[in-house]
**Student:** 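Attaching a single structure in structure tokens format; questions to follow.
Side chains included, hydrogens not; waters and symmetry mates left out as well; all remaining heavy atoms used.
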Protein chains: 2
Amino acid sequence: MASRINTKHEAWAKVIKAMAHPSRLFIIEELHKGERCVGDLTEMIGADASTVSKHLSVLKNAGLVSDEKRANSIYYTLRCPCVMDFIGCVEDVLSANAKEHAHILKCCKK
Amino acid sequence: MASRINTKHEAWAKVIKAMAHPSRLFIIEELHKGERCVGDLTEMIGADASTVSKHLSVLKNAGLVSDEKRANSIYYTLRCPCVMDFIGCVEDVLSANAKEHAHILKCCKK
DNA sequence: AACCTATTTGGCTAAATAGCCAAATAGCCA
DNA sequence: TGGCTATTTGGCTATTTAGCCAAATAGGTT
């Protein structure tokens, strides 16, 4: 049978892949609070400015953020704040994992 | 300043990274409809069984799916169906991208 | 026990990604 | 213009990932 993976799944993956990095999730979380410029984010993340810039360009290419130049800085904005809603679900997954782990420990102790 | 990236962001990234692949998103979508065994998914995806098995183990390690052996097959289940809700938001991002792209084309034509 | 069927693991290669440094660029200000 | 600040790009290396094949494993069945 022909593969049922199609462009739709690839498009989804592109966006989700752009989110799949600790620094980029930090950026998303931070931008959810409000726009930030590259320098601020760089200082908060504590990595090389070029590294942060590249993370921002990954997010921008995926359409997750947009940028605007003002004064002598570039300000980034989260385009679809709904992406942060997803984190709640991710936390559900993590707490389910933690619960299961605790359960396994409990069983083994007996 | 010390980095503000912490374990939280790494844990989030782990889960999201596990989702960030077309085949794995297909699997998630399919499991959202109901449990499926490896053979069924393999046929639908049209890749090597070992490849699909590895995708499933990525999802399982992230805690996104669980498996249960029954008869002579292993059935996989989506543990937190909420992950599919997120796709709606991803679609929002994609349609915002499409809209912007159309807008740019329109501007250039003039 | 020997045999199936279903699934996983190991080994390999090709491709993608993250991060740093150094250099280029862009716009502001003297 | 020349210098300053902020940001991006290029180049490199180390690491991770995807996918295939072949081999191993796990249970059920005869």
**Student:** If a stem is a run of at least 3 consecutive Watson-Crick or G-U pairs, both distances under 3.5 Å, which stems include DNA chain C?
**Tutor:** C:1-30 with D:1-30
**Student:** Strictly by side chain to side chain donor-acceptor pair (under 3.5 Å), give each pair with a member in residues 56-65 of chain A just once, sequence neighbours left out.
**Tutor:** A:Lys60-A:Asp67
**Student:** Which residues in residues 21-29 of chain B have a heavy atom closer than 4.0 Å to any atom of DNA chain D?
**Tutor:** B:His21, B:Arg24
**Student:** Taking only residues two or more places apart in sequence, or in another chain, which ones meet B:Glu10 in a salt bridge (Lys or Arg N to Asp or Glu O under 4.0 Å)?
**Tutor:** none
**Student:** Quick one: which residue pairs count as a salt bridge (charged side-chain N to carboxylate O under 4.0 Å, His left out) with a foot in residues 49-58 of chain A, not counting sequence neighbours?
**Tutor:** none
**Student:** Quick check: on DNA chain C, is the nucleotide nearest A:Ala71 upstream (toward 5') of the one nearest A:Ala20, or the reverse? Name the residue that is more 5'.
**Tutor:** A:Ala20
**Student:** Considering only residues two or more places apart or on different chains, which pairs with a residue in residues 29-82 of chain A satisfy ring pair (Phe, Tyr, Trp, His ring centres under 6.0 Å)?
**Tutor:** A:His21-A:His55
**Student:** Under the side-chain contact (heavy atoms from CB on, under 4.5 Å) rule, collect the residues that match up with B:Asn72, sequence neighbours excluded.
**Tutor:** none
**Student:** Can you tell me if the side-chain N/O atoms of A:His55 get under 4.0 Å from OP1 or OP2 in C:dG19?
**Tutor:** yes
**Student:** Pairs under 3.5 angstrom only: tabulate donor-acceptor contacts from the side chains of residues 77-92 of chain B to other protein residues two or more places apart or in another chain.
**Tutor:**
from, atom 1, to, atom 2, distance (Å)
B:Arg79, NH1, A:Asn97, OD1, 2.7
B:Arg79, NH1, B:Gly63, O, 2.8
B:Arg79, NH2, A:Ala96, O, 3.3
B:Glu91, OE2, A:Trp12, NE1, 2.9

**Student:** Send over the distance from B:Asn61 CG to D:dT16 P, rounded to a whole Å.
**Tutor:** 15 Å
**Student:** Where along residues 8-19 of chain A does a heavy atom come under 4.0 Å from DNA chain D, residue by residue in number order?
**Tutor:** none
**Student:** With sequence neighbours left out, write down each residue that passes salt bridge (Lys or Arg N to Asp or Glu O under 4.0 Å) with B:Lys8, or none if nothing qualifies.
**Tutor:** A:Glu29
**Student:** Who are the side-chain contact (heavy atoms from CB on, under 4.5 Å) partners of B:Ser53, not counting sequence neighbours?
**Tutor:** none
**Student:** Could you list the protein-to-nucleotides 7-10 of chain C atom pairs, N/O on both sides, closer than 3.5 Å?
**Tutor:**
from, atom 1, to, atom 2, distance (Å)
C:dT7, OP1, B:Val38, N, 3.3
C:dT7, OP1, B:Ile74, N, 3.1
C:dT7, OP2, B:Gly39, N, 2.7
C:dT8, OP1, B:Tyr76, OH, 2.7
C:dT8, OP2, B:Ser53, OG, 2.7
C:dT8, O5', B:Ser53, OG, 3.2
C:dG10, O6, B:Lys54, NZ, 3.0

